[in-house]
Novice: 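Pasting a structure below so you can have a look.
FYI, the numbering just counts along the sequence from 1.
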Amino acid sequence: MAANRSSNADRRARIEEMRRAEQARERRNRLITIGVSTVVVLGLVGFGSFVLMKKSDEQDRKEAAAKAPIAAEKSWDPAKLGRNHVETVVKYDMKPPVGGDHSQVWMNCDGDVYTKPVPEVNAVHSLEHGAVWVTYNKQAPKGDVDALAKKVGKTKYTLMSPVDDQAGAIMLSAWGKQVTVDGADDPRVDAFLTKYVQGPQTPEPGAACTGGLDAEGAGGAGMGQ
């Protein structure tokens, strides 16, 4: 009888020891789970904060660029730039034109890159809608032209085309604004785009940059905005 009682006691002791060991493992697993979850949450919070700070910094840079003057920029009094819709040839005072009377049909300017010259009277209408027109002549290096085409292709309310008889190799124009830049990596390119794509100079902000004239000279029938 004594031997049986000793055996039962040993068995109970082993069971209790196993139970305590299992409880200890469960506690460790819970602590590990909590620790991992905490690290993940802190990582996500940290990453989210980093993304928000990055976006905030980027927005601050854009706002600063929009307020800062652009070196060597030329400006024209918008009150003196005609805005009539005409069906005749218009003689503009600047090349490329930055405003004035124009066709009732705009050039498509939703990041459109034209490899051939476009009608000035249609491009001016695009400027009226808040587009920036990037132009170049035969003096512009091919690498710069390709880089600018890539940038324009990713930017709404922009268009690009060759203008062989313009004074500068690479020029950017908005309604009443124009600058000649040194190349595709000139910081004034981004500054001009930031400041004038749908910028405060826009006579008709929000007007369409699609549904106008395309590279083949088609489309835009009946337009009049």
Novice: Working to the nearest 0.5 Å, report the span between CE of Met94 and CD of Gln178.
Specialist: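 Going from the CE atom of Met94 to the CD atom of Gln178 covers 7.5 Å.
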Novice: Which atom pair, heavy atoms only, marks the closest approach of Asn122 to Val105?
Specialist: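 Smallest heavy-atom distance, with atoms named: ND2-O, 2.7 Å.
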Novice: Can you sort out the partners of Ala140 under side-chain contact (heavy atoms from CB on, under 4.5 Å), two or more places apart, ordered by chain and number?
Specialist: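 Scan of Ala140 (side-chain contact (heavy atoms from CB on, under 4.5 Å), adjacent residues dropped) gives Tyr136, Val145, Ala169, Ile170.
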Novice: Do Glu204 and Arg83 touch side chain to side chain, with heavy atoms closer than 4.5 Å?
Specialist: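 Contact flag for Glu204/Arg83 side chains = yes.
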Novice: Please enumerate all residues that pass salt bridge (Lys or Arg N to Asp or Glu O under 4.0 Å) together with Arg30, with sequence neighbours excluded.
Specialist: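 With sequence neighbours excluded, Arg30 shows a salt bridge (Lys or Arg N to Asp or Glu O under 4.0 Å) to no residue whatsoever.
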Novice: Tell me every residue that passes side-chain contact (heavy atoms from CB on, under 4.5 Å) with Asp182, counting only those two or more places apart in sequence or in another chain.
Specialist: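 Checked Asp182 against side-chain contact (heavy atoms from CB on, under 4.5 Å); matches are Asp186, Arg188.
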Novice: State, yes or no, whether a side-chain contact exists between His125 and Ser103 at a heavy-atom distance under 4.5 Å.
Specialist: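 Sidechains of Ser103 and His125: no contact.
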Novice: Under the side chain to side chain donor-acceptor pair (under 3.5 Å) rule, collect the residues that match up with Trp133, sequence neighbours excluded.
Specialist: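 So Trp133 forms a side chain to side chain donor-acceptor pair (under 3.5 Å) with Ser161.
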Novice: Run the ring pair (Phe, Tyr, Trp, His ring centres under 6.0 Å) test against Tyr157 and tell me which residues pass, sequence neighbours left out.
Specialist: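 Applying ring pair (Phe, Tyr, Trp, His ring centres under 6.0 Å) to Tyr157 gives none.
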Novice: For Glu87, which residues count as a side-chain contact (heavy atoms from CB on, under 4.5 Å) partner, sequence neighbours excluded?
Specialist: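 Counting only residues at least two positions away or on another chain, Glu87 forms no side-chain contact (heavy atoms from CB on, under 4.5 Å).
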Novice: Taking C-beta and beyond as the side chain, do Val197 and Thr158 meet within less than 4.5 Å on heavy atoms?
Specialist: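 The answer is yes; the side chains approach within 4.5 Å.
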Novice: With sequence neighbours excluded, tell me which residues meet side chain to side chain donor-acceptor pair (under 3.5 Å) with Thr135.
Specialist: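 Side chain to side chain donor-acceptor pair (under 3.5 Å) list for Thr135, sorted by chain: Gln166.
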Novice: Side-chain contact test, heavy atoms from C-beta onward, threshold under 4.5 Å: evaluate it for Lys151 versus Leu193 and give yes or no.
Specialist: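 With C-beta onward as the side chain, the pair touches.
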Novice: Do you know which two heavy atoms are closest between Leu127 and Pro203, and how far apart they sit?
Specialist: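 The answer is O-CD, 4.3 Å.
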Novice: Could you work out, with side-chain contact (heavy atoms from CB on, under 4.5 Å) as the rule, every residue matching Asp214, not counting sequence neighbours?
Specialist: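 Expected list: Asn108, Glu216, Ala218.
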Novice: Taking side chain to side chain donor-acceptor pair (under 3.5 Å) as the test, write out the residues that go with Glu120, two or more places apart.
Specialist: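 For Glu120 the side chain to side chain donor-acceptor pair (under 3.5 Å) partners, ignoring immediate neighbours, are Lys95.
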Novice: Strictly by ring-ring contact (aromatic ring centres under 6.0 Å, His included), give each pair with a member in residues 166-198 just once, sequence neighbours left out.
Specialist: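 Checked against ring-ring contact (aromatic ring centres under 6.0 Å, His included) - neighbours excluded - the pairs reaching residues 166-198 are Phe192-Tyr196.
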Novice: Please list all pairs passing the salt bridge (Lys or Arg N to Asp or Glu O under 4.0 Å) test where one or both residues lie in residues 134-144, with sequence neighbours left out.
Specialist: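 Applying salt bridge (Lys or Arg N to Asp or Glu O under 4.0 Å) to every pair that reaches into residues 134-144, excluding sequence neighbours, yields Lys142-Asp146.
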Novice: Mind checking side chain to side chain donor-acceptor pair (under 3.5 Å) for Asp112 and listing every partner two or more places apart, or none if nothing turns up?
Specialist: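 With neighbours one apart ignored, the set is empty.
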